[in-house]
Each structure stands twice: as C-alpha cells, then as structure tokens.
Amino acid sequence: MIKAVTGTRDILPNDIPKWNFLLSIVESVFSQFNYKEIRTPIFEETSLFARGIGEATDIVSKEMYTFIDRSGDSITLRPEMTAGVVRALIEHSLDKKQNLNKLFYAGPMFRQERPQAGRFRQFHQFGAEALGSNDPLLDAEMIIMAYDIFIRLGLKNLIVKINSLGVPESRENYKKVLRQYVEPHLNKLSSESRKRFDTNIMRIFDSKEEIDQRIMENAPLLIEFLDDESLQHFEKVKQTLLSTKIPFEVDTKLVRGLDYYTHTTFEIVSGSVGSQSALCGGGRYNLLVKELGGSETPGVGFAAGMERILLACENEKSFLLNNEKIDLFIVTIEKGLEKFTYQTAIDFRRKGLIVDLDYSSRSVKAQMREANRLNAKYVLFIGGEEFSKGEIVLKNMSKSEQKNYSKNDLDQIFASIKEK
RNA sequence: GUGAGCAUAGCUCAGUUGGUUAGAGCAUCUGGUUGUGGCCCAGAAGGUCGUGGGUUCGAUCCCCAUUGCUCACCCCA
C-alpha cells in the first residue's frame with residue numbers, strides 16, 4: 001500500500017469544516033485590520049531563503065526541501081513565508097506604490113524535520129507582514145491580531161511572551177559579555193549547553209538542566225545592553241498591549257531561530273498541545289528588505305501554525321461544529337423511474353438545494369437509512385401508487401410527517417422545503 | 001540527526017504463561033412480512049495478528065533484523 005510521505009497528512013472531508021472555520025476567522029480578523037491577502041509561489045530560488053533566513057539557521061542548514069530542477073536551478077519548497085513576501089514586495093515595487101503594505105497569507109510550508117505532535121513536514125501557516133513602518137503600534141498589532149484570532153476560536157490556556165533583541169550591534173556586544181560570563185563555567189555545563197556555547201549561546205538560558213539554570217541565574221541579560229531607542233520602542237509595544245488588555249509576559253530568553261529579527265520578538269504558546277507549544281511566533285525585521293536587495297524598509301510580522309491551533313482547539317474542545325445536513329434525499333420506490341428521479345434531483349439542485357439520492361437501486365429501507373445517515377431534512381418518495389396517480393410524497397424527517405404533491409409541481413415542493 | 005515506546009478486522013482495543021476454528025464494541029451490509037429512517041433485535045461480511053528471517057514438533061505470542069507510526073530531544077509554527 002502506498003501511503004502519504006512521512007510528515008505529510010491528508011485532510012479528509014470530515015476535517016475540512018474545521019479548516020474552513022479557522023480560515024474564515026483568520027480572514028475576518030485580518031480584513032478588520034485592513035490587511036490584504038498575498039499569494040506567492042510554493043517554491044522559490046534556494047538563495048532567497050539562504051540569504052533571507054540566514055545560512056547558519058537550522059531551517060536553512062538542515063531542514064529545507066531543496067532540489068535541482070531539470071534546467072539545473074536550485075529550487076526550495078518554502079519553509080516559511082516572510083522571505084517570499086519580501087521578494088514579491090521588492091519585485092513588484094509594492095513599497096514604491098504605497099509607503100505601508102499590510103499583507104496576510106495562508107498556505108502550506110515545508111521543512112524536513114522528524115515529525116512529532118504538532119509538527120509536520122508539510123504544515124500550514126497563516127500570518128501577516130506590515131512593511132514600511134517602524135511604528136511600535138504595528139509590533140503590537142501583530143500580537144493583537146494573533147491573540148484575537150485565538151480568542152475568537154475559543155482558545156484559553158494561552159501565554160503571550162515578548163522580548164526585544166534590539167539592534168544587531170547591541171546583541172553582538174551582549175553575546176560577547178555573555179560568553180565571557182559563561183566561559184569559566186564551561187566544563188560544568190551540560191553537553192547540550194556546551195554545544196550551544198558555540199552555536200547559539202543565548203539558548204543556554206532555555207536549558208532544562210538544573211546545573212545550567214543555576215549557572216545562568218546570575219548571567220547578564222540582553223535587556224541591560226539595549227540602546228535607548230530600542231528600549232523606548234519596546235516600552236511603547238508593552239504600553240500598547242497593556243492598554244489593549246492583552247496579557248503578556250516579558251521573556252528575556254526569547255530568542256527566535258531566524259536571523260532577520262531586530263527589536264521586538266514574540267511568541268504565543270498554548271498549554272493544551274504537546275511539547276511543540278508555540279502556536280505563533282514573529283517579530284520585527286528592519287534589515288531584511290535591504291538584505292534581499294530592496295530599499296531600506298522596516299517590517300514586522302508573524303506566522304501561526306494551523307495544525308497546532310486545530311490541535312489546541314481539539315484538546316480544549318473549543319469549537320463544536322454542528323453536523324452537516326443535506327436538504328433533500330430522493331428515494332426511488334420502484335425500478336424504471338431512475339430517469340425521472342435523477343432529473344428531479346438535478347432540478348432541485350439548480351434551484352439551490354443540496355440534494356442526494358441512491359445510486360445502487362437498494363431497498364427503500366436501505367435508502368431511508370442512507371437518508372438518515374446523511375442528515376437529510378426532507379425525503380422525497382418517487383414511485384408506487386401515488387406516482388401512478390401523478391403524485392409524489394414529501395417527508396419531513398425531524399417531524400416524521402409526510403404530504404403528497406403533484407409530481408409536476410416542483411415549485412410548491414421547493415417552497416415547503418425552503419419554508420423551514 | 002539522537003533516544004524511547006508501539007505495530008491484531010475500516011476505527012478503538014482485548015487475547016493466547018507458544019498448541020489446532022483469533023475475539024469484542026463501533027462502523028458497514030442484509031433482514032425483522034409485500035413501499036419509510038433514527039431505538040431495539042437477529043444475522044452476514046471483514047484479519048497472510050506490519051514485513052523478512054531464526055528457535056521449536058508447532059509462533060500472532062519468544063529472539064534477531066527491517067519498515068512504519070507515535071512521543072520526546074535538537075529546533076520550530
């Protein structure tokens with residue numbers, strides 16, 4: 001049996017209503033904030049991600065789906081959306097046409113990681129990017145939109161974490177000092193953290209090892225190294241969140257794994273999913289557009305994982321979708337009337353009803369069971385005595401009442417079905 | 001990439017301290033008087049017990065390998 005490739009999943013008909021429900025809320029919140037949808041290709045030139053996300057990041061160094069196409073070009077399935085959106089902005093000079101572009105998107109992303117609860121190789125994200133302004137209101141706006149979407153989905157158990165990375169210079173200064181602090185303790189650290197010393201020193205703060213935590217207790221914090229402008233920016237973000245009543249905590253250890261962040265970074269985590277608990281993450285990236293060959297354009301954005309959100313909804317039983325109904329099921333009582341039955345179904349469908357019927361000439365009882373299984377509001381019986389008198393029978397399933405109509409008077413039948 | 005756990009019907013799971021015809025619930029199908037659902041009742045269909053090897057008179061069960069899945073680490077949505 002051929003199965004879906006590791007880390008990919010089929011979204012079966014039963015799940016589609018949940019996805020559509022989620023998307024409808026996403027679209028509604030983003031359009032209330034006047035963000036416009038953008039769709040970019042699922043694959044891009046590999047160098048876009050290498051330059052945009054950063055060669056040294058985990059995503060680029062070990063997670064990308066990269067292949068050489070038939071013309072010899074290196075192509076990569078997008079692991080995230082920001083790089084593609086920025087590329088499109090530059091390519092189409094969107095930044096020249098208006099000074100602020102507020103954009104949103106939703107679609108599949110690809111990363112070759114080991115699958116786990118809430119993590120897949122093909123997964124779906126929605127997100128937003130605001131390009132062209134350094135206003136901290138926009139940083140806050142990203143968090144507000146994400147939070148609003150989660151609240152409208154009925155999610156509880158959320159924690160908003162924010163931090164500021166400042167500008168690259170102060171971050172580099174800080175890392176230097178941190179390295180000096182950690183170095184004398186290096187041989188006491190866990191092996192994991194010793195690795196982090198070289199790769200991503202700030203991650204040592206995240207370690208679950210008690211020894212590491214004790215050593216890091218008195219370590220200098222990034223926030224002490226931020227310049228005044230960065231601090232003011234961060235202050236303004238926090239104030240905006242306070243005044244809009246978004247509960248948050250400052251997490252000075254919150255570092256994100258993409259190179260392009262400056263100033264604000266944030267994450268919203270859920271306690272209702274497994275260990276991959278970040279439902280969304282994002283931040284400001286004032287250097288990215290220029291890095292990708294555009295003019296100096298500040299930006300801020302976030303991305304949210306749809307599988308994780310739906311998992312949280314499921315675990316919290318936050319939304320209950322009423323089971324789907326069809327308007328009409330047509331039961332054929334005797335053989336030989338299939339043509340009339342089928343035509344009747346088509347006629348009602350063209351009037352706008354959801355109609356189904358039996359396709360394998362089964363018994364009336366079997367057809368009724370089918371009608372019941374499909375949650376039909378009405379059943380129309382065609383055939384038998386009534387039909388020979390020119391009549392067909394309409395049954396209201398919930399009331400269990402039925403009534404005869406002339407077989408030519410479809411308008412009247414339609415009217416009684418619609419009446420309800 | 002690393003580690004642990006799991007693999008029996010479409011689904012959720014029993015089970016055999018190795019013995020002949022492998023079970024349940026749900027779902028599916030048929031029927032319960034000739035043409036009417038949901039509840040109930042009766043019956044049917046459905047399994048090379050993940051795959052390959054080994055031990056044994058005999059393996060679904062024990063051993064080895066392999067594949068897949070799950071969870072966790074790393075990292076991230």
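Each chain gets a letter, A, B and so on, in the order its sequence line appears, and its residues count up from 1. Side-chain atoms are counted along with the backbone in the values below, which use heavy atoms only and exclude waters and symmetry mates.
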Can you give each donor-acceptor pair under 3.5 Å made by side-chain atoms of residues 2-10 of chain A, sequence neighbours left out, with the distance rounded to 0.1 Å?
{"unit_1": "T8(A)", "atom_1": "OG1", "unit_2": "V5(A)", "atom_2": "N", "d": "3.3"}
{"unit_1": "T8(A)", "atom_1": "OG1", "unit_2": "V5(A)", "atom_2": "O", "d": "2.6"}

Side-chain donor-acceptor pairs of residues 280-287 of chain A under 3.5 Å, sequence neighbours excluded:
{"unit_1": "R284(A)", "atom_1": "NE", "unit_2": "D139(A)", "atom_2": "OD1", "d": "2.9"}
{"unit_1": "R284(A)", "atom_1": "NE", "unit_2": "D139(A)", "atom_2": "OD2", "d": "3.0"}
{"unit_1": "R284(A)", "atom_1": "NH1", "unit_2": "S133(A)", "atom_2": "O", "d": "3.0"}
{"unit_1": "R284(A)", "atom_1": "NH1", "unit_2": "N134(A)", "atom_2": "OD1", "d": "3.4"}
{"unit_1": "R284(A)", "atom_1": "NH1", "unit_2": "N286(A)", "atom_2": "OD1", "d": "3.0"}
{"unit_1": "R284(A)", "atom_1": "NH1", "unit_2": "G299(A)", "atom_2": "O", "d": "3.4"}
{"unit_1": "R284(A)", "atom_1": "NH2", "unit_2": "S133(A)", "atom_2": "O", "d": "3.3"}
{"unit_1": "R284(A)", "atom_1": "NH2", "unit_2": "D135(A)", "atom_2": "O", "d": "3.3"}
{"unit_1": "R284(A)", "atom_1": "NH2", "unit_2": "D139(A)", "atom_2": "OD1", "d": "2.7"}
{"unit_1": "Y285(A)", "atom_1": "OH", "unit_2": "E129(A)", "atom_2": "OE1", "d": "2.4"}
{"unit_1": "N286(A)", "atom_1": "OD1", "unit_2": "G299(A)", "atom_2": "N", "d": "3.3"}
{"unit_1": "N286(A)", "atom_1": "ND2", "unit_2": "N134(A)", "atom_2": "OD1", "d": "2.9"}

Under 3.5 Å, which donor-acceptor pairs do the side chains of residues 401-408 of chain A form with other protein atoms, sequence neighbours left out?
{"unit_1": "N404(A)", "atom_1": "ND2", "unit_2": "E391(A)", "atom_2": "OE1", "d": "3.1"}
{"unit_1": "Y405(A)", "atom_1": "OH", "unit_2": "S416(A)", "atom_2": "OG", "d": "2.9"}
{"unit_1": "S406(A)", "atom_1": "OG", "unit_2": "N408(A)", "atom_2": "N", "d": "3.2"}

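Checking Q116(A) against S275(A) by side-chain atom types alone, a donor-acceptor pair falls below 3.5 Å. No side-chain donor from either of K236(A) and H233(A) sits under 3.5 Å from a side-chain acceptor of the other.
Each of E80(A) and V364(A) lies near RNA chain B, and the nucleotide nearest V364(A) is the one positioned closer to the 5' end.
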Produce the list of close N/O pairs, under 3.5 Å, pairing protein atoms with atoms of nucleotides 66-70 of chain B; give distances to one decimal.
{"unit_1": "G68(B)", "atom_1": "O2'", "unit_2": "K3(A)", "atom_2": "NZ", "d": "3.0"}
{"unit_1": "C69(B)", "atom_1": "OP1", "unit_2": "T6(A)", "atom_2": "OG1", "d": "3.3"}
{"unit_1": "C69(B)", "atom_1": "OP2", "unit_2": "T6(A)", "atom_2": "OG1", "d": "3.4"}

Distances for protein N or O near nucleotides 26-33 of chain B N or O, under 3.5 Å:
{"unit_1": "C29(B)", "atom_1": "OP1", "unit_2": "R362(A)", "atom_2": "NH1", "d": "3.3"}
{"unit_1": "G31(B)", "atom_1": "O6", "unit_2": "R369(A)", "atom_2": "NH2", "d": "3.4"}
{"unit_1": "G32(B)", "atom_1": "N7", "unit_2": "K365(A)", "atom_2": "NZ", "d": "2.9"}

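The distance from atom CG of D358(A) to atom P of G35(B) is 15 Å, rounded to the nearest whole Å. Summarising the geometry, the separation between CZ on F381(A) and C1' on U36(B) is reported as 4 Å, rounded to the nearest angstrom. Computed from coordinates, the K253(A) NZ to C75(B) C1' distance equals 16 Å when rounded to whole Å. The distance between atom CZ of R119(A) and atom C1' of A77(B), rounded to the nearest whole Å, is 9 Å. For the pair F123(A) CZ and C75(B) P, the interatomic distance rounds to 17 Å; values are reported in whole Å. In this entry the distance linking CD of E113(A) with C1' of C73(B) reads 12 Å, nearest Å. In this structure, R308(A) atom CZ and C71(B) atom C1' are separated by 14 Å, rounded to whole Å. Counting to the nearest Å, the C1' atom of G37(B) and the NZ atom of K399(A) are 17 Å from each other.
Across all strands shown, G127(A) has no heavy atoms under 4.0 Å from either base or sugar-phosphate atoms. Note on E63(A): only backbone sugar-phosphate atoms sit closer than 4.0 angstrom, heavy atoms only; bases stay farther off. Note on A371(A): nothing from the nucleic acid sits closer than 4.0 angstrom, heavy atoms only. If you check every strand for non-hydrogen atoms under 4.0 Å, Q122(A) touches nothing. Across all strands shown, G384(A) has heavy atoms under 4.0 Å from base atoms, whether or not it also approaches the sugar-phosphate. Among the atoms of the strands shown, only primed sugar atoms or phosphate atoms (P, OP1, OP2) are found under 4.0 Å from some heavy atom of L279(A).
For E386(A) against G35(B), a side-chain-to-base donor-acceptor contact under 3.5 Å is present. For U36(B), its base sits under 3.5 Å from the side chain of Q402(A) at one donor and acceptor pair at least.
Applying the ring pair (Phe, Tyr, Trp, His ring centres under 6.0 Å) test to pairs two or more places apart or on separate chains, those with a residue in residues 117-165 of chain A are W19(A)-H124(A). Residue pairs meeting the side chain to side chain donor-acceptor pair (under 3.5 Å) criterion with at least one partner in residues 154-169 of chain A, sequence neighbours excluded, are N157(A)-S272(A). Residue pairs meeting the side chain to side chain donor-acceptor pair (under 3.5 Å) criterion with at least one partner in residues 42-53 of chain A, sequence neighbours excluded, are E44(A)-R87(A), E45(A)-S47(A), T46(A)-S74(A), T46(A)-T76(A).
Under the side chain to side chain donor-acceptor pair (under 3.5 Å) criterion, R179(A) pairs with no residue at all, not counting sequence neighbours. Every residue meeting the side chain to side chain donor-acceptor pair (under 3.5 Å) condition with D69(A), not counting sequence neighbours, appears here in chain and number order: S71(A). The side chain to side chain donor-acceptor pair (under 3.5 Å) search around K351(A) returns D411(A), not counting sequence neighbours.
For A303(A), counting side-chain heavy atoms from C-beta on, the closest listed nucleotide (C75(B), A77(B), G38(B)) is A77(B). The side chain of R111(A) lies closest to A77(B), out of G37(B), C75(B), A77(B). For Q276(A), the side-chain atoms get nearest to C75(B) when compared with the rest of U36(B), C75(B), A77(B).
The gap from the C1' atom of G53(B) to that of A14(B) amounts to 29 Å, rounded to the nearest Å. Taking atom C1' in both A24(B) and U8(B), one finds a spacing of 13 Å when rounded to whole Å. Nucleotides A59(B) and C74(B), compared at atom C1', are 40 Å apart to the nearest Å.
A distance of 6.0 Å or more separates the ring centres of Y35(A) and F104(A).
Within the 4.0 Å cut-off from OP1 or OP2 of C73(B), at least one side-chain nitrogen or oxygen of S275(A) is found.
Ring planes of F340(A) and F387(A): perpendicular class, angle over 60° (limits at 30 and 60°).
Stems are defined here as 3 or more consecutive Watson-Crick or G-U wobble pairs with pairing distances under 3.5 Å; those involving RNA chain B are B:1-7 with B:67-73, B:10-13 with B:23-26, B:28-32 with B:40-44, B:50-54 with B:62-66.
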